[in-house]
Amino acid sequence: MAKKSKKNSKINQKIKKYFDGDPFDVGVSRVSTQTLSELFHYLGIYDVEGSKEMLLKVARMIWSEVDSDYRGAILDFFEQEGRIYKATAQKEQSLERDGKIDMLIKELDTTPEEAGLLREAFMDVRSKKITIEKMESKLRHIRYSLKKERIQKRVDGVFDIDDSLEFNASLRYVIYGQNFHKILTLNTKVYEYDYLQEGEEDALVKEIETEKERVVALKQKEIDGFLATLGDEHPYLSQKEIASALRAAPPKSKLSYPPLKEEILKRIVSGVFGESELQLHDEELLIAIAQSCTLPYANKEQPYTLELHVELNSLLGEIWKSKTLDFSEVIAAAKKEHEEHFFADLSSLVAECGSCATLLHLSPETLHAKVYDALLELLPMSLVISPKTARKTLKRFTFSIHEAIAKKQRYELLARTIRDFKNLFPLARDMRRKLVLHIGPTNSGKTYQAMQKLKNADTGYYLAPLRLLALEGYEDLRESGIDASLITGEEQILDEEATHISSTIEMCNFDVDVDVCVIDEVQMIDDRDRGWAWANAIIGAPAKEIIMTGSPNVREAIAALAAYLGEELEIVEFERKNPLVLLDAPVHEREVEEKTAIIAFSRKDVLKLKQIFSKYFSVSVVYGNLSPEVRREEARRFRSGETQILVATDAIAMGLNMPIKTILFSKAEKFDGVNDRNLLPSEVHQISGRAGRYGLHEKGYVGALSADVLHIVKKNFHKEAHKIAVPFKVMANLDHIKLVGTILEEKSLHEILKFFVKNMEFDGPFVATNLDDMLEASVLVDSYDLDLTTKYHLTCAPLTLKSPYITSVYESYLGAMEKKIPIPYAMPILTSSHAQTTDDLLRAEDMVKEISLYLWLSYRFGDYFIDTNRARSARGVLNKFIENSLQQNQLATRCRMCNAPLPPNSPYGICQACFKKNYTGRGVSGRGYRSK
């Protein structure tokens with residue numbers, strides 16, 4: 001006891017440092033309510049609430065318990081705080097105070113110990129405030145405290161703050177063959193203050209001892225009952241883990257059940273939740289489990305971590321009682337609450353973002369997708385949209401749509417600028433033009449009459465659908481004594497004195513005004529790929545009189561176009577000059593007569609038919625892949641009688657005037673660039689019309705090589721052609737492209753062309769044309785550092801990107817132009833005078849196309865394409881090579897796998913050996929590998 005008093009005295013002296021020399025009971029009154037609450041939490045006392053007066057009372061009561069360890073803890077608290085609580089009033093040293101204290105103590109019946117404590121209690125109190133009543137009250141408290149200390153010592157316990165005695169007891173544990181005792185901290189019932197103060201000390205001690213025995217017995221019974229419930233097999237814990245947990249349990253705990261190690265809890269919980277993260281706290285277990293939710297307007301899942309706060313005591317109870325751990329309802333409720341909160345925050349965020357993107361008219365799906373792009377990166381495994389996250393998302397979103405909004409505003413400006421397409425041709429709009437339409441079947445003289453009017457005009461323009469026709473028009477004008485120029489994509493013959501121009505329609509110059517402009521084959525305005533050239537020419541050709549020639553089915557379309565332009569339209573109808581007779585029966589290949597044209601619809605079929613008919617006739621061939629020069633030479637041979645029959649594609653339907661008596665169709669279907677389909681009535685009419693040339697034959701005859709083909713030809717021969725209707729396809733010229741690029745602030749030609757195709761709306765009867773070929777080429781040119789004008793001309797070049805050879809040549813040109821290197825032409829190497837195989841022939845045809853491309857580009861980029869003379873010379877050599885090849889009776893075909901020769905007229909693209917090697921036994925029939 002002496003040691004304890006000495007220690008407390010030292011603590012009393014040390015703590016005065018923090019109260020300006022005053023003892024704790026005096027100085028503590030200067031401590032704030034907040035700091036007092038923090039003091040109690042530091043001492044581990046959590047159930048003290050109320051006013052500062054109550055807090056002070058409890059603090060002084062705890063300080064007065066001399067046998068407790070609280071004084072040292074209180075001193076530690078204020079040492080850590082380090083603050084000095086200054087006295088609010090100046091201290092007075094009064095000699096009368098000590099005398100007064102001694103005088104009043106004498107009036108009281110006190111022991112020396114009580115007297116000493118009274119002096120200590122009042123040594124810092126002002127004399128005039130010391131009264132006998134206060135001394136008596138303090139004495140009662142001192143006596144009560146001393147009594148409690150004596151009782152605590154006698155019963156070996158400590159009264160806690162609510163006057164329940166806390167004591168340690170040894171409890172027995174018998175389980176799984178183990179017998180051990182464990183010290184646990186127990187509590188008696190609560191004793192009232194007055195009862196402890198007034199009760200006789202020995203009686204109180206006896207009663208408390210009895211209560212202790214009762215509490216210990218009750219706890220032992222509880223332990224025995226609990227141990228009895230565990231059994232030999234436990235669903236979660238091994239016998240060793242149970243015994244270890246019981247031994248390691250702390251003497252005093254707020255938990256009702258023995259705590260378990262964190263790794264044991266993790267193992268048990270993982271068995272329920274799978275892989276999860278655990279954080280063990282004093283009274284709860286935090287479990288993080290992986291979840292996901294489906295995002296609105298998106299087929300995607302957002303993963304997140306769901307945190308479950310599980311009360312530790314309840315969880316331990318479930319485990320120790322061997323109950324099944326079912327958290328499904330807890331998870332469902334937590335998940336629902338968490339996701340509902342997220343969806344509400346997300347909806348507000350999307351609405352705010354949507355208000356920033358009003359101009360873009362985004363669909364809900366697109367709007368949400370853009371918000372997710374900005375948001376989800378900020379939410380790794382989380383659904384919490386904090387105010388900071390929302391601000392960042394909005395900032396990212398607005399940045400991501402900034403360019404789109406600016407582009408949308410530019411789109412609207414652009415649409416207003418070029419929506420009325422006719423105004424893009426100011427020279428034509430300033431003229432008072434007259435439109436004349438010559439319509440009629442082939443061989444009706446409609447083009448002849450138009451050309452006569454063109455020849456009689458002071459100035460004129462002939463716009464042809466083909467380079468070959470433009471050349472024939474040029475020669476016709478020259479033979480009539482008219483000074484003329486020829487302008488095609490790859491050839492220009494310019495005469496400074498020229499009054500007339502013959503040109504392919506794509507080369508129309510909208511800045512040259514003339515008296516008469518003839519636009520041939522105007523029904524081509526309906527062509528999927530080239531129709532834009534006819535529409536642009538009709539709208540923009542600067543001529544006083546525009547004469548159009550075409551088939552009857554174009555009447556309504558041209559009338560609608562004239563109405564849009566507000567220009568006068570005269571329609572002149574023509575009748576065929578000699579009749580066409582439809583044969584009743586198919587014609588066998590041996591029964592074919594001279595001056596017959598056999599029609600096929602692919603290069604392969606033309607070459608195959610040539611081989612068949614070369615057994616009986618000398619044959620000319622014409623198909624689209626041939627150069628105009630070769631086609632012209634083949635037509636000349638047929639016209640002059642050097643060959644007896646002609647095998648051709650529908651390339652003869654326009655422009656080649658030949659002495660054909662009979663047209664025979666080998667097939668009645670063609671590939672139109674998208675699908676294989678039956679011939680249309682207009683196509684049957686156009687091709688059939690080439691039979692029976694006026695002045696050479698009284699009648700023309702139309703038939704087929706087989707009954708099924710003849711049936712389709714007959715059905716369409718008498719059927720009226722489908723009327724061409726609006727809208728018309730139009731395409732921007734270079735000026736338009738530059739305008740679009742400037743307004744859109746776009747350098748990519750591909751993007752500009754896409755905009756024109758997909759976004760432009762017109763006030764007139766127009767839609768943007770199919771620009772698939774230009775779009776395909778623009779992808780290539782955009783990958784090179786070239787200006788927009790150069791890119792545009794390069795994509796307008798006569799390209800066949802389906803040919804690997806042409807594509808390779810084209811890309812080599814682009815690379816050289818980017819480096820500003822001149823591009824020489826390399827002469828082809830031919831090992832014989834004619835092709836040995838159809839592949840050799842195709843390569844020669846591609847070489848001629850390469851020359852056409854080279855010459856076309858030379859007129860636009862003369863500084864780069866410097867070998868035009870050599871290229872023209874090579875074209876002559878190649879054309880002769882092709883002409884010689886076409887005059888051969890047989891051209892071999894080769895296996896596409898091993899390159900071995902195939903039998904003549906083989907329907908397959910591979911040889912028998914390759915078929916057996918690669919496909920036999922795979923369940924694939926040979927028919928599936930028929931060469932297309």
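The first residue in the sequence is number 1, and the count goes up from there.
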Q. Short question: side chain of Y623, backbone of S602 - any donor-acceptor pair under 3.5 Å?
A. no
Q: Begin with the C-alpha distance, continue with both residues' side-chain angles, and end with the deciding distance and a verdict on salt bridge (Lys or Arg N to Asp or Glu O under 4.0 Å) for E521 and R530.
A: CA-CA 12 Å; E521 303 291 356; R530 298 181 64 209; over 6 Å; no
(Q) If you apply the rule salt bridge (Lys or Arg N to Asp or Glu O under 4.0 Å), what do you find for R636 with E642, and how did you get there? (A) CA-CA 8 Å; R636 185 202 63 75; E642 290 180 27; 2.9 Å; yes
Q: Answer yes or no: does atom NZ of K670 have more than 12 heavy-atom neighbours from other residues, nucleotides or ligands under 6.0 Å?
A: yes
(Q) What I'd like to find out is whether the side chain of L878 reaches to under 4.5 Å of the side chain of P828, using heavy atoms alone. (A) yes
Q) Can you name the residues that form a salt bridge (charged side-chain N to carboxylate O under 4.0 Å, His left out) with D773, not counting sequence neighbours? A) none
Q) Distance-only, no hydrogens or angles: does the S873 side chain make a donor-acceptor pair with backbone N or O of N869 under 3.5 Å? A) no
Q. Looking at side-chain heavy atoms only, is the closest gap between S682 and Q686 below 4.5 Å?
A. no
Q | Candidates V621, L646, L609, V606 - the one meeting side chain to side chain contact (heavy atoms under 4.5 Å, CB included) with I598 | A | L609
Q: Mark yes or no for whether T795, through its side chain, and K791, through its backbone, hold a donor-acceptor pair below 3.5 Å.
A: yes
Q | Residues R677 and E669 bridged, charged N to O under 4.0 Å | A | no
Q.
Show the nearest heavy-atom pair for residues I660 and I663, with the distance to one decimal.
A. CG2-CD1, 3.9 Å
(Q) side chain to side chain donor-acceptor pair (under 3.5 Å) for S618 and T643? Distances and angles first, verdict last. (A) CA-CA 5 Å; S618 56; T643 56; 5.3 Å; no
Q | Worked check of side chain to side chain contact (heavy atoms under 4.5 Å, CB included) between T837 and D840 | A | CA-CA 5 Å; T837 68; D840 293 341; 3.2 Å; yes
Q | Axial cation check for W856 ring with R860, 6.0 Å and 45° limits | A | yes
Q. Does a side-chain heavy-atom distance below 4.5 Å link I823 with M817?
A. yes
Q: Side-chain contact test, heavy atoms from C-beta onward, threshold under 4.5 Å: evaluate it for T442 versus I687 and give yes or no.
A: no
Q) Sub-3.5 Å donor-acceptor pair from the side chain of Q492 to the main-chain atoms of L494, do we have one? A) no
(Q) With rounding to the nearest 0.5 angstrom, report the SG to OH distance, C517 to Y461. (A) 7.5 Å
Q. Would a distance-only check, ignoring hydrogens and angles, find a side-chain to backbone donor-acceptor pair under 3.5 Å from H793 to L857?
A. no
Q. Between E633 and K880, is there a salt bridge with N-O shorter than 4.0 Å?
A. no
Q | Side-chain heavy-atom pair Q611, L607 within 4.5 angstrom cut-off | A | no
Q: Decide yes or no for M774 and H750: does some side-chain heavy atom of the first lie under 4.5 Å from some side-chain heavy atom of the second?
A: no
Q) What is the distance from atom CG of L780 to atom CG of L749, rounded to the nearest 0.5 Å? A) 11.5 Å
Q) Only one of D650, V709, V684 forms a side chain to side chain contact (heavy atoms under 4.5 Å, CB included) with L679, so which one is it? A) V684
**Q.** Minimum heavy-atom distance between D495 and S485, given as atom pair plus value
**A.** N-OG, 2.9 Å
Q) Testing L561, L463, V518, V522 for side chain to side chain contact (heavy atoms under 4.5 Å, CB included) with M548, which one passes? A) V522
Q. Does a side-chain N-to-carboxylate-O contact under 4.0 Å join R632 and E472?
A. no
Q. How many angstroms lie between atom OG of S808 and atom CD of E850, to the nearest 0.5 angstrom?
A. 9.5 Å
Q | From I645 atom CD1 to L664 atom CG, the distance as rounded to the nearest 0.5 Å | A | 9.0 Å
Q | Over all atoms of both residues, closest heavy-atom pair of Y854 and T868 | A | CE2-N, 4.2 Å
(Q) If I compare all heavy atoms of A470 with all of L486, which pair ends up nearest, and what's the gap? (A) O-CD1, 3.6 Å
Q: Report yes if the side chains of P465 and D520 come closer than 4.5 Å at any heavy-atom pair, otherwise no.
A: yes
Q: Please step through salt bridge (Lys or Arg N to Asp or Glu O under 4.0 Å) for the pair E776 and K802, ending with a clear verdict.
A: CA-CA 10 Å; E776 187 177 359; K802 292 178 183 177; over 6 Å; no
(Q) Using side-chain heavy atoms (C-beta onward) and a distance below 4.5 Å, is M524 in contact with D527? (A) yes
Q: Check F510 against A537 and note the closest heavy-atom contact, atom names and distance.
A: CE2-CA, 4.1 Å
Q) Between N553 and S551, is a side chain to side chain donor-acceptor pair (under 3.5 Å) present by the stated rule, with each step listed? A) CA-CA 6 Å; N553 62 329; S551 55; 2.5 Å; yes
Q: Evaluate the ring planes of F861 and Y864, with Trp represented by its six-membered ring, and classify them as parallel (under 30°), tilted (30 to 60°) or perpendicular (over 60°).
A: perpendicular
Q | Residues Y784, E811; criterion side chain to side chain contact (heavy atoms under 4.5 Å, CB included); working and verdict | A | CA-CA 10 Å; Y784 294 85; E811 291 198 80; 3.9 Å; yes
Q) Are W532 and E506 close enough, and set up right, to give a side chain to side chain contact (heavy atoms under 4.5 Å, CB included), and what steps lead you there? A) CA-CA 9 Å; W532 63 268; E506 284 88 350; 4.0 Å; yes
Q.
Tell me if a side-chain donor or acceptor on N884 pairs with a main-chain N or O of S833 at a distance below 3.5 Å.
A. yes
Q | L794 to Y810 - nearest heavy-atom pair and separation | A | O-OH, 2.9 Å
Q.
I'd like to know if E634 pairs up with R637 as an ion pair, taking the criterion as any Lys NZ or Arg NE/NH1/NH2 lying under 4.0 Å from an Asp or Glu carboxylate oxygen.
A. yes
Q | S503 side chain to I505 backbone, donor-acceptor under 3.5 Å | A | no
Q | D782 side, atom CG; L788 side, atom CG - distance, nearest 0.5 Å | A | 9.0 Å
Q: Test L705 against F665 for side chain to side chain contact (heavy atoms under 4.5 Å, CB included), laying out the working first.
A: CA-CA 6 Å; L705 295 180; F665 289 86; over 6 Å; no
**Q.** Any donor-acceptor N/O pair, T488 side chain to T504 backbone, under 3.5 Å
**A.** no
Q. Given the rule in the ring pair (Phe, Tyr, Trp, His ring centres under 6.0 Å) test, do Y474 and Y462 qualify, once you have shown the distances and angles that lead to the verdict?
A. CA-CA 8 Å; Y474 167 73; Y462 172 61; over 10 Å; no
Q: Answer yes or no: is there a donor N or O on one side and an acceptor on the other, between the side chain of N879 and the main chain of R875, under 3.5 Å?
A: yes
Q. From I882 CD1 over to L842 CG, what is the distance, rounded to the nearest 0.5 angstrom?
A. 9.5 Å
